[in-house]
Undergrad: 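Encoded as structure tokens, here's the structure I'll be asking about.
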Amino acid sequence: MATVLMVEDEEPIRVLAESVLQEAGHKVIAATGIEGAKALLDTDQQIDVLFLDLNLGGDPEAGLMVAQQAQAMRPKLSYLYTTGAGINEGMKAMFVEPFLFLPKPYTLEQLNQSVEFLLLSANPRPRLKFPDSAGPPQSN
């Protein structure tokens, strides 16, 4: 299906999300912080979705820095942002597009649906509909 680069510094969340995405058929590569994410983005490995926590290592905007650097390196990425701290309009204005925002805590179904929605949006097919009436979490 797709390759997801997950940048999450909370191990229990990272392990569970990685497992869920792999069960859905995705290849997942994971980083725990900014440097690890940059190193993975700097390889020739295919990455389709960058799933990142905005708050890394106690910096509530570290994920935004990762996304902005990723955009320069890989302009065709889709972005799935998450945080438990909430966001303000100023932060949302800095999100790299195309993106979805998935607030913590999220369900495993919401995670799968968000990744699938981003993938389908990047490769549109005729008569695309979101799988359930709830729609994606929050889109741009």
Side-chain angles (χ1 to χ4, degrees):
M1 292 199 86
T3 301
V4 178
L5 171 54
M6 180 172 35
V7 185
E8 172 64 68
D9 59 355
E10 294 182 58
E11 184 176 2
I13 295 172
R14 185 179 64 252
V15 169
L16 181 59
E18 185 174 2
S19 173
V20 166
L21 291 172
Q22 287 173 338
E23 286 178 22
H26 302 293
K27 178 179 179 182
V28 180
I29 52 179
T32 59
I34 296 171
E35 295 307 316
K38 282 193 233 178
L40 290 167
L41 287 163
D42 201 27
T43 68
D44 61 354
Q45 185 164 355
Q46 176 183 332
I47 300 171
D48 302 295
V49 176
L50 179 55
F51 174 35
L52 67 157
D53 190 351
L54 293 172
N55 187 348
L56 297 169
D59 180 347
E61 295 184 8
L64 291 173
M65 291 187 304
V66 172
Q68 289 165 355
Q69 290 175 353
Q71 181 184 32
M73 300 167 82
R74 295 175 180 251
K76 294 186 179 189
L77 275 179
S78 294
Y79 300 83
L80 179 57
Y81 297 97
T82 190
T83 186
I87 59 169
N88 59 44
E89 287 304 312
M91 287 176 70
K92 192 171 181 180
M94 295 184 344
F95 285 2
V96 177
E97 295 190 29
F99 75 86
L100 288 177
F101 176 70
L102 183 62
K104 290 181 182 178
Y106 50 81
T107 68
L108 303 180
E109 182 179 358
Q110 287 173 324
L111 173 58
N112 275 328
Q113 287 181 343
S114 296
V115 170
E116 291 303 318
F117 185 81
L118 284 168
L119 292 171
L120 289 172
S121 296
N123 300 299
R125 298 180 187 155
R127 303 167 115 180
L128 173 65
K129 284 184 84 176
F130 199 76
D132 70 22
S133 61
Q138 293 180 346
S139 71
N140 54 344

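We count residues from 1, following the sequence as given.
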Undergrad: Give, for atom CD of E116 and atom CG of L111, the distance between the pair rounded to the nearest 0.5 Å.
TA: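 Separation between the atoms: 10.0 Å.
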Undergrad: Minimum heavy-atom separation for A24 to N112, with atom names?
TA: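 Taking A24 first and N112 second, the nearest heavy atoms are CB-OD1, 3.5 Å.
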Undergrad: If you look at every heavy atom in V4 and L21, which pair is closest and at what distance?
TA: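 For V4 versus L21, the nearest heavy atoms are CG1-CD1, 4.1 Å.
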Undergrad: Under 3.5 Å, side chain of E8 to main-chain N/O of E10, donor-acceptor pair present?
TA: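 Confirmed, E8 side chain pairs with E10 backbone.
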Undergrad: First locate atom NZ of K76, then atom CG of D48, and finally report the distance between them rounded to the nearest 0.5 Å.
TA: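 Nearest 0.5 Å value for the NZ-CG distance: 11.5 Å.
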Undergrad: Which class fits the ring pair Y81 and Y79: parallel under 30°, tilted 30 to 60°, perpendicular over 60°?
TA: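 Correct class here is parallel.
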Undergrad: Can you name the residues that form a side-chain contact (heavy atoms from CB on, under 4.5 Å) with T83, not counting sequence neighbours?
TA: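 Counting only residues at least two positions away or on another chain, T83 forms a side-chain contact (heavy atoms from CB on, under 4.5 Å) with D53, L54, N55, A85, I87, F101.
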Undergrad: Which heavy atom of L5 sits nearest to which heavy atom of A37, and what is that distance?
TA: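 Smallest interatomic distance, heavy atoms only, reads CD2-O, 4.2 Å.
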Undergrad: When you compare the side chain of I13 with that of K104, does any pair of heavy atoms fall below 4.5 Å?
TA: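 When only atoms from C-beta onward are counted, I13 and K104 do touch, with a gap below 4.5 Å.
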Undergrad: What's the separation between atom CE in M65 and atom CD in Q68, rounded to the nearest 0.5 Å?
TA: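 Those atoms lie 9.0 Å apart.
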Undergrad: Taking L41's backbone N and O only, do any of them form a donor-acceptor pair with R74's side chain (distance below 3.5 Å, no angle check)?
TA: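 Checking the backbone N and O of L41 against the side chain of R74, a donor-acceptor pair under 3.5 Å is found.
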Undergrad: Keeping the roles fixed (side chain from S19, backbone from V15), state whether a donor-acceptor pair exists under 3.5 Å.
TA: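 No, S19 side chain to V15 backbone: no donor-acceptor pair under 3.5 Å.
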Undergrad: Is V20 reachable from M1 through a run of hydrophobic residues whose side-chain heavy atoms are each under 4.5 Å from the next?
TA: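 They do not share one cluster, since no chain of ILVMFWY contacts under 4.5 Å joins M1 to V20.
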Undergrad: Tell me, please, which residues at least two apart from E61 pass side-chain contact (heavy atoms from CB on, under 4.5 Å).
TA: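 Testing E61 for side-chain contact (heavy atoms from CB on, under 4.5 Å), a comparison that skips the adjacent residues, returns D59, L64, M91, M94.
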Undergrad: How about F99 and L50: do any of their side-chain heavy atoms sit closer than 4.5 Å?
TA: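 When only atoms from C-beta onward are counted, L50 and F99 do not touch, as no gap falls below 4.5 Å.
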Undergrad: Look at K38 together with E35 and state whether they make a salt bridge at an N to O cut-off of under 4.0 Å.
TA: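 Salt bridge between K38 and E35, a charged N being under 4.0 Å from a carboxylate O: yes.
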Undergrad: Rounded to the nearest 0.5 Å, how far apart are CG of L52 and CG of L80?
TA: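 Here the interatomic distance stands at 8.0 Å.
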Undergrad: Could you check whether any side-chain heavy atom of L108 comes within less than 4.5 Å of a side-chain heavy atom of L16, counting everything from C-beta outward?
TA: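 A side-chain contact under 4.5 Å exists here.
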Undergrad: Only one of L118, T82, V28, L100 clears side-chain contact (heavy atoms from CB on, under 4.5 Å) with F51; which?
TA: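 For F51, the side-chain contact (heavy atoms from CB on, under 4.5 Å) check succeeds only for T82.
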Undergrad: Of the non-hydrogen atoms in I47 and L77, which two are nearest, and what is the gap between them?
TA: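 Here I47 and L77 meet closest at O-CD2, 3.2 Å.
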Undergrad: Closest heavy-atom contact between Q45 and I29?
TA: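 That would be NE2-CG2, 3.3 Å.
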Undergrad: If only atom types and distance count, is the side chain of T3 paired as donor or acceptor with the main-chain N or O of K27 below 3.5 Å?
TA: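 Side chain of T3 to backbone of K27, a donor-acceptor pair under 3.5 Å: no, none is there.
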